[in-house]
Each structure stands twice: as structure tokens, then as C-alpha cells.
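For clarity, every value in this text was computed on a predicted model and none was experimentally measured. Lettering follows sequence order; numbering is per chain, from 1.
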Protein chains: 2
Amino acid sequence: MKHKAARATISDVAKAAKTGKTSVSRYLNGEHQALSPDLKQRIEQAISALNYRPNQMARGLKRGRTRLIGLIIADITNPYSVDVLCGIEAACRAGGFTLLVCNTNNEIDQEQHYLQLLSSYQVEGLVVNAVGMREEALNLLQQSLLPMVLIDRKIPDFSCDVVGLDNRQAATDATEHLVNNGYRALLFLSEPIGMVNTRLERLQAFRQSCARYPEVVSENAEVALSDSGALERIIHDFYQRHGGRHAALIVANGALTLQVARAMRRLGLEWGRKMGLVGFDELEWAELAGDGITTLKQPTWQIGYAALERVIQRIEGEATPVQEQTFHGELVIRGSSRPLA
Amino acid sequence: MKHKAARATISDVAKAAKTGKTSVSRYLNGEHQALSPDLKQRIEQAISALNYRPNQMARGLKRGRTRLIGLIIADITNPYSVDVLCGIEAACRAGGFTLLVCNTNNEIDQEQHYLQLLSSYQVEGLVVNAVGMREEALNLLQQSLLPMVLIDRKIPDFSCDVVGLDNRQAATDATEHLVNNGYRALLFLSEPIGMVNTRLERLQAFRQSCARYPEVVSENAEVALSDSGALERIIHDFYQRHGGRHAALIVANGALTLQVARAMRRLGLEWGRKMGLVGFDELEWAELAGDGITTLKQPTWQIGYAALERVIQRIEGEATPVQEQTFHGELVIRGSSRPLA
DNA sequence: CTGTTAGCGCCTTCAG
DNA sequence: CTGAAGGCGCTAACAG
């Protein structure tokens, strides 16, 4: 007994339809006008009788176009990433592409690995939410001319299309909102900035905004997502020093906002009552936590969609210079940034 | 000028190394002992000089094994799915497979589409979190003997390996917990049960548990996730009728728990104070909402990992009968199910 | 140890 | 309108 019913091939269909492979191939590729009704019908029958499906591998091998797009995501656990993914997927569907999703788990080795993997599967384009990217990998990529667009984060010294948030505008809006509502001591919290431009841009805009208000004290701190002890200490310390002055926190992304909220709760610092709080990235539970958490909502789906549109343009031969496309964030105001008397 | 630097092929490498393709192929496939050190070195050099990467498409075509696994997820937006995905991914990595992820968005047409797509890419196995599956698709799948395991949900009249939660145990635990804590009127809320066995099993176990306590009133209701009006009405009505009797809600999954929490908040029914609440699926924000929401946490990662292990077994020829593998859930107790005096 | 020879399933000239 | 022949990049006999 055969272990697996061998799939029908184009030859099987040709044989069953009493014709050559060529005609079947023509049929498959929509050249319907070029076939006599009779032949066409025989082919149709043979196909459904054998339950034939063309082998995309073979097709890709021959034509050099796989209609495959690779997506490399730094952390699929992050709702931001998932929303972006949905946008990309929609765009793929619209353009007739299939998406291969890889999750690097924020490990640079994985990133390297998946980059090679995807390219060995002959993907036609790449969307990357980068962790870091090794030099070597980048060089290879650049010479391979594989269309690629970066999402959210840029890579230092690497010229490439990027789509993401207008970080300056967003951070400015968030900061001014707090200042306008009476907060006078602001702490900007982010994960270690390292080479991540997104974090840096947000911090810089925050600083510049604060600089416009002499009465406002501003600080910033970097914490690892997993180091809840340090986070607690930082917040506690900040509150000790500025609690009387209407203190508030600006948190650079959603994952960290979750940790911050936990820490504040452990410390007994209710957001919106003892201390202000605004977080980047919309959170589905933002309205349920205490009096609600004010967030800076990104148009994530659109970012994903736009990224893939750009990839498709490049696949289709656009040779315009590298461009950076940014979207505006929207402040969703809730109780955690309540106006002070 | 060439638009794209053509990728080096195995022939190019062979030429550059002054040898035949076979030796290069051997090198690639790790048959290192079978090559003279000299040849080996020439090949190594050629490969890195040309930056050669084998074409997986061609390889797959020839060998008939692509090392590709397809994952069809009903709703990638659901954190449950993402956690499962991470488990699957880890197992893929461990087994040397690559994962193709497709999101059906709970649309049965998409499911159909992706099933065909994945099979046309010659995936060697499939993990499916099913929406519904069309008859036709199922028959084709069955005859194709493509290894497949279902996650979470079974498909009626379709015999297939399944891995998921022990729904009876979980629902029983949740129910008894509420009863033990003094709640006497229990409402089980789920999305429309339809053919989804998971929902049905949880409901049945809930009912059977309640039946053991004559003093407990039990009801159940089905609501669409998006129909917040109906949800509000149901909860309000239930509270009207049983509020005085220590009412509590059991919600069949995480996505619905979010909606329920929103509705309760709009109605001014604080969980744990005016009404009890337990939800299936752990929520990262469970401890932050009011006094916390008690959840039934599934070992999601393990479920994913186990599912893929099963797929791999089947790929490797295991012909044991179809089996169902269940994992135990764990009740994470928080304020929303606080004991009543 | 090494190279030659056939295809894998499909598409694409190029002649009927 | 139709079909035969060749080859995409790679692997798997089969000979040296």
C-alpha cells in the first residue's frame, strides 16, 4: 500500500484529457481564448476528476516568481505587531501574494536565520520589523536587491524604505497634553534605547517639548521589560521627589505600559489620582484599568497595509528613491491624565 | 543593466570550484566525510565568494519534502492563538521545520482558500484552528493523507488528531469555585455555540456541575462578540432577576470576557462587588481591571508545542489511531470571584 | 572519493 | 488552435 496518494501532476491531467501538457498549462494560466471549447471541457473534467492542484513549487522554480512575501516580526506577542500583521495580510490578499510570517522573538540570531530562510524560499519581498540585523546580512540583502521595507524601526546606516509612526508629532502631543492638564514633573520611560530609533525619536521630541515649558521638570529612564524591581524603584523614586508637583509618566510602548501599570498598582500609586500616565500604543483594556489609561493610538493596520503596498511597488519595478512614510498617532484621552485643578 | 543580480546556482558554484554539481550537493547535504579536504575547501570558498544559498523550491521539488508546515489560525488577534503559535513555532524550530502562518479571520472562505494554498505549496503538515471547513475541503484533505492536527476545536464528523483543553475539567473547576465562594445564580456566557464543540463542552460541564447543587440557579446565553447592546441587556436582565442572590458570570473565552467587562462597567456592575466573574483564558491585564478578574488559564504554549509534535510524528510515518490530547487548565483566582460572607 | 546522467512538475519557445 | 522539446535548480542513482 502506498503511504500517500501521490498528487496528480500536469502530465496525469494531460493524459486523462487526451492532450499535451502545454494545453493544460495554458488552461491553468487563463489563456482560455486559445483553447477550443471541447478541449477546454475535457481538461476541466480531468482536473476535477483527479483533484489536481498545480504545484506552486515547480511553478515558482520555472517562472522565478513565487508570489511569496516574507514578514519578520520582532515580537508577535505584541498586539502592535499583530495589528500590523493584519494590515499586511489584507494587502497581500488584495495583491495576490501569500505571507510567510516569522517571529524572531527579539533575538538577533533568529532574525539572521529567518532572513536566510525566507530568501532561500525565494520570497519576492520582505517586510521587516527589525531587531538589529547583522552587517553581513544587510550587505547580502542590499546586493540581492530583494524589495524590502522596514516597519516601525529603522536600521542605522542602512538605506531602505520605512513606514511607521510620526514619532515627533506623537510624543509632542502626549507631552503637551500632560502639560496642558497641569502636570509639571514628567518622566519618560522606555526600554533601553540602544540603537532603536523609534525610542530615541520619541525621547527627543519629549525633551524638546518639555524645554518649551520652563516650569516643567523632565527626566527619562530606561528599563528592561522584565526587570520589574528596577521599574518599581524608578517610579517610586520619581514619585518621592516630585509627587507633590503633579507628576506624570510617559511610557514609550504598550508592553512597557503594562509593566508600569502593574508596578504602580503594587506601589499603590493610582494613575490619574496620585500620578498621571500616558502610554504609547492603544491597549484593548485601557478603559478597564482603574479610571482608564490615556494612550497614543497608532494606525497600526494602515501602517502594515502601506508597508506592503510599498513592497509591491518595488516588486513591480519602481525604482524611486528610498522613502520614509509616517502616519499620525491619535491621543485617546482617559482618566489617567485627568486635568488637575 | 540587469535589474536584479541573478542568484548564484549550484552550477555556478560547481564551476567556480572546478568540480561537478554532485559534489557541491553532497557538501550542502552534510556528507562531509565523503569529500576530500581539498575539494571541500574549494567548495567552501566558491560558496562564500558567490554568496550562494541553495534554492529551497528546487530542493523541495526534487526531494518531495519541503520541511514546511502550515498553520491556519481562526483569529490571530486573539492572544490565545498567538501563544499557541509561539509553542508551534518553537516546536518547528526544534524539528527543523518552517512555519507558514495564515489567518482566516474567522471566515470560512478564507479557510478554504488557505487550505488549498498551503497544500499547493506542498506543506508536509498542517495545524488548524478551524472555523468550519467545508465538506469538500475535508474530503480532499482526508484522501491526500496530509498530516493534520486540530487545535482547540474539533470538526464534526471528521476524525483527526486534536489537542486542546480539558474543557470538562476546566468548566467544572470554574463553576465549583464560584459555588464554593457562595455564588448562587450562575450565568454561562458564550459566543453562539453553533458547531463549536469547545463551547458546547464547556456549557455542558457547567450545567452538570450546577445540577449537583440544588440551591444554585443556572442559565446560559449566547451573544455575538460584536453585539455589545445585546450583551448589556443580557447581563442587566440577569442581574435584575438574581442580583440579590449572589449572581456570577462564567464567560467562555477571553475575547468575550473583554466585552463582558466593558458591559459590566457601563452598567455600573463592579465585578467582585456587585457580581461575580470568571473568564476562560488568561488575560495579561486581568489583575489590573478593578480588583482583578479570575481567569481559567490554559497552557497555551504547550498546546501548540504538543500539536506540532503530533504532526511531526505523523510526518515520520506514525500510523497510530487518531488521538485526542487534552491539557488541564488552571484557575487563577483574583478579586472578581471574591468569597461572599 | 568524484562526476555523469536523469528526471522532479511546470512553463515557454517553436514548429506544426 | 495544438503539441513536442528543453530547461528552471537541485538530488539521486549509477558508474568510474
Side-chain angles (χ1 to χ4, degrees), chain A residues 4-44 46-47 50-68 116 119-124 144, chain B residues 2 4-44 46-47 50-68 119-124 144:
Chain A
K4 189 179 284 204
R7 283 175 68 120
T9 77
I10 199 172
S11 306
D12 300 331
V13 176
K15 217 170 297 166
K18 300 191 190 316
T19 175
K21 304 193 286 180
T22 317
S23 298
V24 181
S25 174
R26 288 204 179 102
Y27 176 86
L28 293 175
N29 290 291
E31 298 174 40
H32 288 200
Q33 19 48 318
L35 298 175
S36 71
D38 172 49
L39 216 201
K40 204 154 65 175
Q41 202 198 313
R42 269 151 50 213
I43 294 180
E44 243 152 38
I47 286 184
L50 296 169
N51 179 29
Y52 166 73
R53 304 281 154 225
N55 181 331
Q56 296 293 343
M57 290 288 180
R59 214 188 264 225
L61 180 58
K62 181 69 194 169
R63 295 211 296 199
R65 66 202 299 252
T66 57
R67 306 278 89 178
L68 246 28
Q116 295 216 357
S119 108
S120 76
Y121 274 106
Q122 316 288 106
V123 296
E124 294 183 46
S144 79
Chain B
K2 276 203 272 183
K4 188 180 285 205
R7 282 175 67 120
T9 78
I10 199 172
S11 306
D12 300 332
V13 176
K15 217 170 296 167
K18 299 192 191 316
T19 175
K21 305 194 285 180
T22 315
S23 297
V24 181
S25 175
R26 289 205 178 100
Y27 177 87
L28 293 175
N29 290 291
E31 297 172 42
H32 288 202
Q33 20 48 317
L35 299 174
S36 70
D38 172 51
L39 217 201
K40 206 154 63 173
Q41 200 198 314
R42 268 151 50 213
I43 294 180
E44 242 152 39
I47 286 184
L50 295 168
N51 179 28
Y52 166 74
R53 303 281 154 226
N55 181 330
Q56 296 292 345
M57 291 290 187
R59 216 190 268 227
L61 182 57
K62 179 68 193 169
R63 294 212 295 199
R65 64 200 304 249
T66 56
R67 306 280 88 179
L68 246 29
S119 106
S120 76
Y121 275 106
Q122 315 289 104
V123 296
E124 294 182 47
S144 79

**Q** Taking all atoms of both residues into account, what is the closest heavy-atom pair of B:S25 and B:I10, and its distance?
**A** N-CD1, 3.8 Å
**Q** Between B:R7 and A:S119, is any side-chain donor less than 3.5 angstrom from a side-chain acceptor?
**A** yes
**Q** What is the distance, to the nearest angstrom, from the CG atom on A:L50 to the P atom on C:dG9?
**A** 14 Å
**Q** Would you mind reading off the bend of the helix from C:dC1-D:dG16 to C:dG16-D:dC1 from its two end axes, five pairs each, to 10 degrees?
**A** 40°
**Q** Report yes if some heavy atom in the side chain of A:Y27 is under 4.5 Å from a heavy atom in the side chain of A:T19; otherwise report no.
**A** no
**Q** Please tell me if A:T22 has a side-chain N or O lying less than 4.0 Å from either OP1 or OP2 of C:dT12.
**A** no
**Q** Where do A:A16 and A:L50 come nearest, in terms of heavy atoms and distance?
**A** CB-CD1, 4.1 Å
**Q** Starting from P on C:dC11, measure out to CG on A:N55 and report it in whole angstrom.
**A** 10 Å
**Q** Within this structure, what is the CD-CZ distance for the pair A:Q56 and A:R63, rounded to the nearest 0.5 Å?
**A** 8.5 Å
**Q** Do you know which two heavy atoms are closest between B:Y121 and B:T66, and how far apart they sit?
**A** O-CG2, 4.1 Å
**Q** Is any side-chain N or O of B:K62 under 3.5 Å from a base N or O of D:dG9, one able to act as donor and the other as acceptor?
**A** no
**Q** Can you work out whether B:K21 or A:L61 has the more 5'-proximal nearest nucleotide on DNA chain C?
**A** B:K21
**Q** Going by number, which of residues 25-40 of chain B have a non-hydrogen atom under 4.0 Å from DNA chain D?
**A** B:S25, B:R26, B:N29
**Q** Any side-chain N or O of A:R59 less than 4.0 Å from the OP1 or OP2 oxygen of C:dC11?
**A** yes
**Q** Using a heavy-atom cut-off of under 4.0 Å over every strand shown, decide if A:S11 touches base, sugar-phosphate, or nothing.
**A** nothing
**Q** State, with a plain yes or no, whether a side-chain heavy atom of B:E124 is found less than 4.5 Å away from one of B:R67.
**A** yes
**Q** Output the rounded distance in Å from CD1 (A:I43) to P (C:dC10).
**A** 13 Å
**Q** Map A:R63 and A:G20 onto DNA chain D by nearest heavy atom, then report which one ends up closer to the 5' terminus.
**A** A:G20
**Q** Would you classify B:S23 as touching base, sugar-phosphate or nothing, given that sugar-phosphate means primed atoms plus P, OP1 and OP2, and contacts are heavy atoms under 4.0 Å?
**A** sugar-phosphate
**Q** If you round to the nearest 0.5 Å, how far is CG of B:D38 from CD1 of B:I43?
**A** 9.5 Å
**Q** Would you call B:L39 and B:R26 a side-chain contact if the rule is heavy atoms closer than 4.5 Å?
**A** no
